[in-house]
Protein chains: 2
Amino acid sequence: MTVPLGRRERKKAATRQKIADTALRLFLERGYEAVGIRDVAAEADVAVTTLFSHFASKEALVFERDDDFEQRLTGAVTDRAPGEPLVPALRREVRSMVRHCAADGAAPIFRMIDESPALREYEESMRLRHAESLAAAIGADPGLSRGTTADRAMARFVIDAYSLARAASDPDTALDEIFRMIEAAWAVARPSGDSTGDSTGEAGL
Amino acid sequence: MTVPLGRRERKKAATRQKIADTALRLFLERGYEAVGIRDVAAEADVAVTTLFSHFASKEALVFERDDDFEQRLTGAVTDRAPGEPLVPALRREVRSMVRHCAADGAAPIFRMIDESPALREYEESMRLRHAESLAAAIGADPGLSRGTTADRAMARFVIDAYSLARAASDPDTALDEIFRMIEAAWAVARPSGDSTGDSTGEAGL
DNA sequence: CTCCAAAACACTAACCGTTAGTGCTACGGT
DNA sequence: ACCGTAGCACTAACGGTTAGTGTTTTGGAG
């Protein structure tokens, strides 16, 4: 577990990285839709099947580092300062993510995403998966969880905030506004019936 | 506009309906993924290109009547009883929609959707389009709109409620819980900066 | 009624993302 | 030094989708 990366794994990682770099370069040069999988494979000097053994789909080439996003979200919940309330921690993290999208280095990539329906669609369904993880992270904290349904709703709202803020002309203001709404929603979240299956004995109030 | 449908349009509509009916029948008989476009076209006795002139994609065959969904949502906003608040009207409409999904007639279709990743993904991105329409409907009512950002967030939350309730083991309870959160969120929605680009002279307060 | 422009429809052939099938080769553990 | 595994390659195909082209149907104008 202590990173005993052998030659094989290093080579594999190198191949993966080479494919991702090549793909991103070609996409930015010629446009996402104008570049075919066969082009990327040829330019990266690998077979098409090899490319698909590293990436599940063409879109996945663009969101190579999407695990980071997921881990930052769940980390904001699990690693927050002791006693810190949930919503501000999430807001801080989401704000940082949104800003990163507009940073000089990442901006062209996100412009490309916004211009391609296929990529936008892929990103949204990726975010939905992230929401599931976030909901699980919230639900795993006994002092936090307010029932499966409320946790899931919360996670969705947070993802919505990210999505909407990124698309807004003034992301910071939009984010503040949406998180004010989220804060209010979370404040009243308190299951009444809770027939969601995980009756873990609500230690509420 | 008073339905002066000529023979041509009637024939066209009939062809479209025949394709949709055939497709749904085949999908339910053999499973969505097991049926190819060429199968549907052959069974409906049309050319593949004709099929695609009526439906934009294979998935669209399943969600043939998705306009209804959109219009019911926006209608719940625009046609609500005078003086009725927004949130209860939306909750009523969404509840009715969720129940319809579980009704005997529609249940097999929605089970098929839930079992196919392609269909689930398509549905989610369809809902996102519906959310845009809903946000526009809310924004179009001067007595309702609380700014572009809040309206959009609200629309997303409502779509989330639908999605989550449909997946919940007890949809009715889940819907109540989420809408309690939505109600609270809407209550605090009030733009402060509002530099969302459409500065149409905010008649606020 | 006749003729025209438009639109629906058909057919072929292909494009593109993706996968199955089949090996070969190089690496890591023993 | 050896063997099992896993990474990689290649061919060929599948399935959704579209371009290109030509034919039929239809509603409307004269």
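Naming convention: chains lettered A, B, ... in sequence-line order (proteins, then strands); numbering from 1 in each chain.
Here A:A161 pairs with A:L175, A:I178, A:F179, A:I182 under the side chain to side chain contact (heavy atoms under 4.5 Å, CB included) rule; sequence neighbours left out. Residues that satisfy the ring pair (Phe, Tyr, Trp, His ring centres under 6.0 Å) test with B:F63, not counting sequence neighbours, are B:Y122. In this structure B:H54 satisfies the ring pair (Phe, Tyr, Trp, His ring centres under 6.0 Å) test with no other residue, sequence neighbours excluded. Taking the salt bridge (Lys or Arg N to Asp or Glu O under 4.0 Å) definition, one finds that A:D160 meets it with B:R156, sequence neighbours left out. Applying the side chain to side chain contact (heavy atoms under 4.5 Å, CB included) criterion to B:P108, with sequence neighbours excluded, gives B:L28, B:R111. A:S116 is linked by a side chain to side chain contact (heavy atoms under 4.5 Å, CB included) to A:Y32, A:E33, A:A118, A:L119, counting only residues two or more places apart in sequence or in another chain. Under the rule for a side chain to side chain contact (heavy atoms under 4.5 Å, CB included), the partners of B:T22 that lie at least two apart in sequence or sit in another chain are B:K18, B:R25, B:L26, B:E43, B:A44.
Taking a cutoff of 4.0 Å between a charged side-chain nitrogen and a carboxylate oxygen, B:R127 and B:E123 qualify as a salt bridge.
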Contacts table for residues 97-105 of chain B: side-chain donor-acceptor under 3.5 angstrom, sequence neighbours left out:
residue : atom : partner : partner atom : Å
B:R99   : NH2  : B:D172  : OD2          : 2.6

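Here A:H54 reaches the OP1 or OP2 of D:dC8: one of its side-chain N or O atoms lies under 4.0 Å away.
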Taking only N/O atoms, report every protein-nucleotides 22-24 of chain D pair under 3.5 Å with atom names and distance.
none

Per-nucleotide protein contact along nucleotides 11-17 of chain C, 5' to 3', at a 4.0 Å heavy-atom cut-off (B base, S sugar-phosphate only, - neither), is BB-B-SB
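Residue pairs meeting the ring pair (Phe, Tyr, Trp, His ring centres under 6.0 Å) criterion with at least one member in residues 132-159 of chain B, sequence neighbours excluded, are A:F157-B:F157.
Remark: P of C:dA10 and CG of B:L51 are 10 Å apart, rounded to the nearest angstrom. For the pair B:L61 CG and D:dG15 C1', the interatomic distance rounds to 14 Å; values are reported in whole Å. Note: CG (B:D39) to P (D:dG15) measures 8 Å, nearest angstrom. A:K11 places its NZ atom 14 Å from the C1' atom of D:dA9, with the value rounded to the nearest Å. The interatomic distance linking A:K12 (NZ) with C:dG28 (P) rounds to 13 Å, in whole Å.
Taking every heavy atom of residues 16-31 of chain A and every atom of DNA chain D, no pair lies under 4.0 Å.
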Could you walk me through whether A:D79 and A:R72 pass salt bridge (charged side-chain N to carboxylate O under 4.0 Å, His left out), step by step?
CA-CA 10 Å; A:D79 304 340; A:R72 286 183 62 179; over 6 Å; no
